[in-house]
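Step one of this worksheet: look at the structure below.
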Amino acid sequence: MAKKKTEGYLSAKEARQISRKNRKITGRLEKQRKRKKVPESEYLTTMHDPGNAVEFDNLHTYFFTDAGTVKSVDGVTFEIPLGKTVGVVGESGCGKSVTSLSLMQLLQRPHGQVVEGEIRLNLGDKAVDVAKMSYRAMQDLRGNFISMIFQEPMTALNPVFRIGEQLEEVIELHDDKNKTAEERKARTIQLLEMVGIANSEGVYRMYPHELSGGMRQRVMIAMALACNPKVIIADEPTTALDVTIQAQVLDLLRRLKNKINSSIMFITHDLGVIAEMADYVVVMYAGRIVEKGTAEEIFENPAHPYTIGLMASKPVVGKHTEQLYSIPGKVPNPINMPNYCYFKDRCEMCLECCANEYPREISLSETHKVSCYRYYAENQDGVTKEGGNA
C-alpha cells in the first residue's frame, strides 16, 4: 500500500515541473527588463494625485521558488504624499520590505519579479512607472530621487573600504560626475556633520568596524541623503540600536526630512516609533493591506482585528500586566494561501461570513480604510463601536 504524501512534500517530478514553469515566466520578464533601449513613452505615466510623491497601485510582487510561487506582495495600493511620513507596520514576512525593494528595483532577480500593477513616482515635471522601467533608466533615479536606509548598517557598508570612500562613491555615481576629488571630500564631510557626527574628519578615514552601531547608522543616513532625494525609504533603521540612540536617529530623520523637504516610507515593527514619526499608517498582513489611515485614526480607533491585536501586544507605561497579549496561531503558508480572509484562522472576532472570499476594502472615513467583513453594512448590528463583537 502506497504511503500518503506528507503536507508540503514535493516529488522530484513535481519540483521539475515547477522549475520549468518558473524559468518560462521569469525568462519572459527578464527579457523585457534587460532591454537596452526602452523608449521613455513606455514608462511615462500620470499621477492620480499630483500631491503624492509615490503611488502603489495594485502591486503584485512574486518570488518564483522551486517549492512554488510566493505572493509576497499581493495587490497592495497606497500613497506616500509629498513631504509626509508613511509608516508601514506588520509582522516579519508580511511584505513590507519587498514593497520597498519593488520601488527601488532591488528585488533578488530573476526569482523576484513585479508581475502586475504600477508604482508611480512623481519627478516634479513628469511621472514614471517604476514597474515598467528598464534597469539602466532606473539607475539614474536611484540615489537622486529615491534612496534607502537599510536595516543592518554593518552588512550594508563594505567592510574593506573606508567610510569616506564609500560616501564619495555615491556622490560620484549619482550626484555630479564632474566634481573634483576635493569637492567630493568636502561634500562627504559636510554630510557627516549634517547627521551629527562631531569627529567628521576622523570618521572619514575610519572603517565600518571601528564605529559603533549608532555611528554606522548615521553614516547610512548620510549616504541615503547624499543627493537630496525626494523619497527616503527607512527599512527598520532603529532596530539594532539601543533606546537612547534610537531617539537620536528618529529626531535626526525628522529634522533632515524637513530640511530637504522629502517624503519618508518608514518600515518598522515598533508601534511606538510609528506613533512618533508617521503622518499616515499602513498595516500589512500576509502580503496585503488590512488597514490604512492617518496615525490618529489607526491609534485611536483601530478597526481590523489584526491591528487591534498589534495594539494590545505593546506594553503601556503605568499599566501593570502579568503577561503581554500575543496574537494566537500562525501566518498561513505563503505558497498556498486560503481563498478567504487570510487572518480568519487567527481572528478572535470572527463572523460566519469570514469563510467567504477575501473581504473588499471598506471606507470608514475619507482616509480610514479597512478590509474586514465586520464593517460590511449587513453585519454592522453585530459590531460595537470599540471594534469588538456585540
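- With sequence neighbours left out, Asn58 forms a side chain to side chain donor-acceptor pair (under 3.5 Å) with Glu116.
- Under the 3.5 Å distance criterion, the side-chain polar atoms of Gln113 are matched with a main-chain donor or acceptor of Pro110.
- Residues Leu211 and Val219 are in side-chain contact: their nearest non-hydrogen atoms beyond the backbone lie under 4.5 Å apart.
- Inter-residue side-chain proximity for Ile335 and Thr65 is flagged as met; some heavy-atom pair is nearer than 4.5 Å.
- Within 6.0 Å of CD on Glu296 lie no more than 12 heavy atoms contributed by other residues, nucleotides or ligands.
- Sorted pairs that involve residues 99-151 and meet ring pair (Phe, Tyr, Trp, His ring centres under 6.0 Å), not counting sequence neighbours, are lacking altogether.
- Hydrophobic clustering, with ILVMFWY side chains joined whenever heavy atoms are under 4.5 angstrom apart, groups Ile189 together with Val170.
- Between Arg205 and Glu210, no side-chain nitrogen of the basic residue sits less than 4.0 Å from a carboxylate oxygen of the acidic one, so the salt-bridge criterion is not met.
- Here the shortest heavy-atom pairing between His269 and Gly90 reads CD2-O, 3.2 Å.
- Exactly one of Glu297, Lys292, Glu291 qualifies for a side-chain hydrogen bond (donor to acceptor under 3.5 Å, both in side chains) with His368. That residue is Glu291.
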**Item:** Residues Phe299, Ile274; criterion side-chain contact (heavy atoms from CB on, under 4.5 Å); working and verdict
**Value:** CA-CA 10 Å; Phe299 280 91; Ile274 289 287; 3.8 Å; yes
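- Under the ring pair (Phe, Tyr, Trp, His ring centres under 6.0 Å) criterion, Tyr342 pairs with Tyr358, sequence neighbours left out.
- Tracing side-chain contacts under 4.5 Å through hydrophobic residues (I, L, V, M, F, W, Y), one reaches Val130 starting from Met148; they form part of the same cluster.
- Note that NZ of Lys132 is 11.5 Å distant from CG of Leu44, once rounded to the nearest 0.5 Å.
- Inter-residue side-chain proximity for Asp66 and Ile18 is flagged as unmet; no heavy-atom pair is nearer than 4.5 Å.
- When atom types are taken as modelled, the side chain of His60 and the backbone of Val73 share no donor-acceptor pair closer than 3.5 angstrom.
- How far OH of Tyr325 is from CG of Leu310: 9.5 Å, rounded to the nearest 0.5 Å.
- In this structure, Ser102 contributes its side chain and Val98 its backbone to a donor-acceptor pair below 3.5 Å.
- Of the inter-residue distances, the one linking Phe63 atom CZ with Thr69 atom OG1 reads 12.0 Å to the nearest 0.5 angstrom.
- With rounding to the nearest 0.5 angstrom, the CD atom of Glu183 is 11.5 Å from the CD atom of Glu168.
- Every residue two or more places apart in sequence or in another chain that forms a side-chain contact (heavy atoms from CB on, under 4.5 Å) with Lys344 is listed here: Tyr340, Cys341, Cys350, Cys354, Ala355.
- Between Leu167 and Leu192, some side-chain heavy-atom pair lies under the 4.5 Å cut-off.
- Between the side chain of Asn52 and the main chain of Glu55, no donor-acceptor pair closer than 3.5 Å is present.
- Residue pairs meeting the salt bridge (charged side-chain N to carboxylate O under 4.0 Å, His left out) criterion with at least one partner in residues 84-93, sequence neighbours excluded, are Glu91-Arg346.
- In terms of hydrophobic clustering, with Ile, Leu, Val, Met, Phe, Trp and Tyr side chains grouped at heavy-atom distances under 4.5 Å, Ile308 and Phe343 are assigned to different clusters.
- Arg28 is linked by a salt bridge (Lys or Arg N to Asp or Glu O under 4.0 Å) to nothing, counting only residues two or more places apart in sequence or in another chain.
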**Prompt:** Given Ile264 and Val86, is the side-chain contact (heavy atoms from CB on, under 4.5 Å) satisfied, shown in steps?
**Reply:** CA-CA 6 Å; Ile264 296 181; Val86 176; over 6 Å; no
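- Scored by the side-chain contact (heavy atoms from CB on, under 4.5 Å) test, Asp270 finds Gln246, Thr268, Val273 as partners (sequence neighbours excluded).
- Checking Glu165 against Tyr207 by side-chain atom types alone, no donor-acceptor pair falls below 3.5 Å.
- Side chains of Glu361 and Ser371: a donor-acceptor N/O pair is absent below 3.5 angstrom, by distance only.
- With Asn356 contributing its side chain and Cys353 its backbone, the two residues share a donor-acceptor pair below 3.5 Å.
- A distance of 11.0 Å separates CG of Asn261 from CG of Asn228, quoted to the nearest 0.5 Å.
- Hydrophobic cluster membership differs between Val283 and Met265, with clusters built from Ile, Leu, Val, Met, Phe, Trp and Tyr side chains linked at under 4.5 angstrom.
- Under the 4.5 Å side-chain criterion, counting only non-hydrogen atoms from C-beta, Leu157 is in contact with Gln166.
- Pro237 has its side chain within reach of Ile149: a pair of non-hydrogen atoms, C-beta onward, lies under 4.5 Å apart.
- Between Lys179 and Glu172, none of the side-chain N atoms (NZ, or NE/NH1/NH2) sits under 4.0 Å from a carboxylate O, so this pair counts as no salt bridge.
- Hydrophobic clustering of Ile, Leu, Val, Met, Phe, Trp and Tyr side chains at less than 4.5 Å, counting indirect connections, unites Met284 with Phe266.
- With hydrogens and angles ignored, the 3.5 Å screen pairs a side-chain donor or acceptor of Tyr376 with a backbone N or O of Arg360.
- Side-chain contact, Ser19 with Arg23: a donor N or O sits under 3.5 Å from an acceptor N or O.
- Ser147 places a side-chain N or O within 3.5 Å of a backbone atom of Ala224 that can act as its donor or acceptor partner.
- For the pair Met206 and Met215, the minimum side-chain heavy-atom distance is 4.5 Å or more.
- Met337 has its side chain out of reach of Lys71: every pair of non-hydrogen atoms, C-beta onward, lies at least 4.5 Å apart.
- Applying the side chain to side chain donor-acceptor pair (under 3.5 Å) rule to Asn22 yields no partners; only residues at least two apart in sequence or on another chain are considered.
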**Asked** Where do Glu42 and Gln32 land on the side-chain contact (heavy atoms from CB on, under 4.5 Å) test, with the steps shown first?
**Response** CA-CA 12 Å; Glu42 271 195 30; Gln32 183 81 1; 4.2 Å; yes
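- Contacts classified as ring pair (Phe, Tyr, Trp, His ring centres under 6.0 Å) and involving residues 83-107 (residues at least two apart or in different chains) are not found.
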**Message:** Could you go through Gln248 and Leu252, starting from their C-alpha distance and side-chain angles, then the distance that decides it, and tell me whether this counts as side-chain contact (heavy atoms from CB on, under 4.5 Å)?
**Reply:** CA-CA 6 Å; Gln248 291 176 11; Leu252 174 67; over 6 Å; no
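- Evaluation of the salt bridge (charged side-chain N to carboxylate O under 4.0 Å, His left out) test over residues 274-285, restricted to residues two or more places apart or in two chains, returns Arg254-Glu276.
- The side-chain contact (heavy atoms from CB on, under 4.5 Å) search around Ser134 returns Val38, Arg136, Ala137, not counting sequence neighbours.
- Listed by chain and residue number, Phe56 satisfy the ring pair (Phe, Tyr, Trp, His ring centres under 6.0 Å) test with Phe78 (two or more places apart in sequence, or in another chain).
- For the atom pair CG of Leu106 and CE of Met138, the computed distance is 7.5 Å after rounding to the nearest 0.5 Å.
- In this structure, Ser262 contributes its side chain and Lys257 its backbone to no donor-acceptor pair below 3.5 Å.
- Judged purely by atom type and a 3.5 angstrom limit, Arg120 has no side-chain atom pairing as donor or acceptor with the backbone of Val54.
- Between the side chain of Ser100 and the backbone N or O of Ser97 there is at least one donor-acceptor pair closer than 3.5 Å.
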